[in-house]
Amino acid sequence: MIADLQCVVLDCPDPGQLAEFYQSLLGGAVNQQDRRWALDEDWATLHSPSGLVLAFQRAADYRPPQWPDPDRPQQFHLDFGVPDLDRAHEKVLALGATVLDADADGRGWCVYADPAGHPFCLVRH
């Protein structure tokens, strides 16, 4: 092993706003003091209850992915397990997510975009 994962960093236009979106989805603490990072208007973090740290970095010329357009690919996405897909669907929409691909055929997952345009999936577990 060479390294361990410190966090996942998402570029975005407003780090604080996106950190709060993911806090509403996952719980945890926004901008918890951590010796690894300095917090400012260009960098925000979310320490989730599971131990995962998401970081949000301001990108001046941010261009969100346009899933599934290959000219502006998703780059990566996050999957979140949920016990009740319908209930989670309503909650993420209320938080500001948008639907990219609904679970129309009952496959057990839906694709959304967070407020900055990053794709993520809710997966029934």
Side-chain angles (χ1 to χ4, degrees):
M1 182 172 97
I2 295 173
D4 61 1
L5 181 64
Q6 294 289 302
C7 68
V8 175
V9 181
L10 295 136
D11 285 353
C12 61
D14 187 334
Q17 178 186 39
L18 202 56
E20 289 174 8
F21 171 84
Y22 281 102
Q23 179 190 39
S24 296
L25 181 64
L26 299 172
V30 170
N31 290 338
Q32 174 179 308
Q33 289 298 316
D34 189 314
R35 63 179 172 72
R36 297 174 289 184
W37 302 289
L39 301 169
D40 61 27
E41 64 207 27
D42 293 327
W43 180 268
T45 61
L46 173 65
H47 286 72
S48 74
S50 70
L52 174 68
V53 177
L54 294 175
F56 308 94
Q57 173 177 272
R58 186 178 311 279
D61 296 322
Y62 177 72
R63 292 182 61 215
Q66 298 292 313
W67 185 89
D69 182 352
D71 289 333
R72 290 188 42 199
Q74 67 179 336
Q75 300 151 17
F76 78 97
H77 72 272
L78 303 170
D79 283 355
F80 301 106
V82 297
D84 183 332
L85 191 55
D86 293 331
R87 186 169 178 202
H89 171 87
E90 295 304 322
K91 287 184 176 184
V92 298
L93 293 180
L95 293 172
T98 56
V99 176
L100 297 177
D101 184 12
D103 183 31
D105 60 3
R107 65 182 176 250
W109 51 273
C110 298
V111 183
Y112 302 86
D114 68 22
H118 302 106
F120 69 94
C121 295
L122 295 180
V123 181
R124 185 181 309 113
H125 64 79

Table please: side-chain donor-acceptor pairs of residues 54-61 below 3.5 Å, with sequence neighbours left out.
| residue | atom | partner | partner atom | Å |
| --- | --- | --- | --- | --- |
| Gln57 | NE2 | Asp11 | OD1 | 2.9 |
| Arg58 | NE | Glu41 | O | 3.4 |
| Arg58 | NE | Asp42 | OD1 | 2.6 |
| Arg58 | NH1 | Pro13 | O | 2.5 |
| Arg58 | NH2 | Glu41 | O | 2.5 |

Revision key, fill the gap. Shortest non-hydrogen pair, Gly117 vs Pro65, comes out as O-CD, 3.5 Å
Check your understanding: What about Leu100 and Leu25, same hydrophobic cluster or not, with Ile/Leu/Val/Met/Phe/Trp/Tyr joined at side-chain heavy-atom distances under 4.5 Å?
Key -> no
Review point. Which residues pass the side chain to side chain contact (heavy atoms under 4.5 Å, CB included) test with Arg107, sequence neighbours left out?
Key: Asp101, Asp103, Asp105, Trp109
Check your understanding: Taking all atoms of both residues into account, what is the closest heavy-atom pair of Pro64 and Ala116, and its distance?
Key -> CB-O, 3.3 Å
**Study point:** Partner set under side chain to side chain donor-acceptor pair (under 3.5 Å) for Arg63, not counting sequence neighbours
**Key:** none
Point to revise | Spacing of CG belonging to Leu78 relative to CG belonging to Leu52, to within rounding of 0.5 Å | key: 8.0 Å
**Study point:** Geometric class of the His47/Trp37 ring pair [parallel <30°, tilted 30-60°, perpendicular >60°]
**Key:** perpendicular
**Study point:** Linked, directly or transitively: Leu39 and Val30 (ILVMFWY side chains, under 4.5 Å)
**Key:** no
Review point. If you group Ile, Leu, Val, Met, Phe, Trp and Tyr whenever their side-chain heavy atoms sit less than 4.5 Å apart, what else falls in with Tyr62?
Key: none
Review point. Honestly curious: do Trp67 and Leu122 fall in one hydrophobic cluster under the side-chain, below-4.5 Å linking rule?
Key: no
Exercise for review: Enumerate the residue pairs fulfilling side-chain hydrogen bond (donor to acceptor under 3.5 Å, both in side chains) with a member in residues 12-27, sequence neighbours excluded, ordered by first and then second residue.
Suggested key: Tyr22-Asp114
Review point. Which heavy atom in Phe120 sits nearest to a heavy atom in Ala113, and how many Å separate them?
Key: CE2-C, 3.8 Å
Review point. For the hydrophobic clusters of this structure (ILVMFWY residues joined by side-chain heavy atoms under 4.5 Å, transitively), does one cluster hold both Leu18 and Trp43?
Key: no
Check your understanding: Do you reckon Val8 sits in the same ILVMFWY cluster as Val53, going by side-chain contacts under 4.5 Å, direct or chained?
Key -> no
Side-chain donor-acceptor pairs under 3.5 Å in residues 79-99, sequence neighbours left out?
| residue | atom | partner | partner atom | Å |
| --- | --- | --- | --- | --- |
| Asp79 | OD1 | His77 | NE2 | 3.0 |
| Asp84 | OD1 | Asp86 | N | 3.1 |
| Asp84 | OD1 | Arg87 | N | 3.0 |
| His89 | ND1 | Tyr112 | OH | 2.6 |

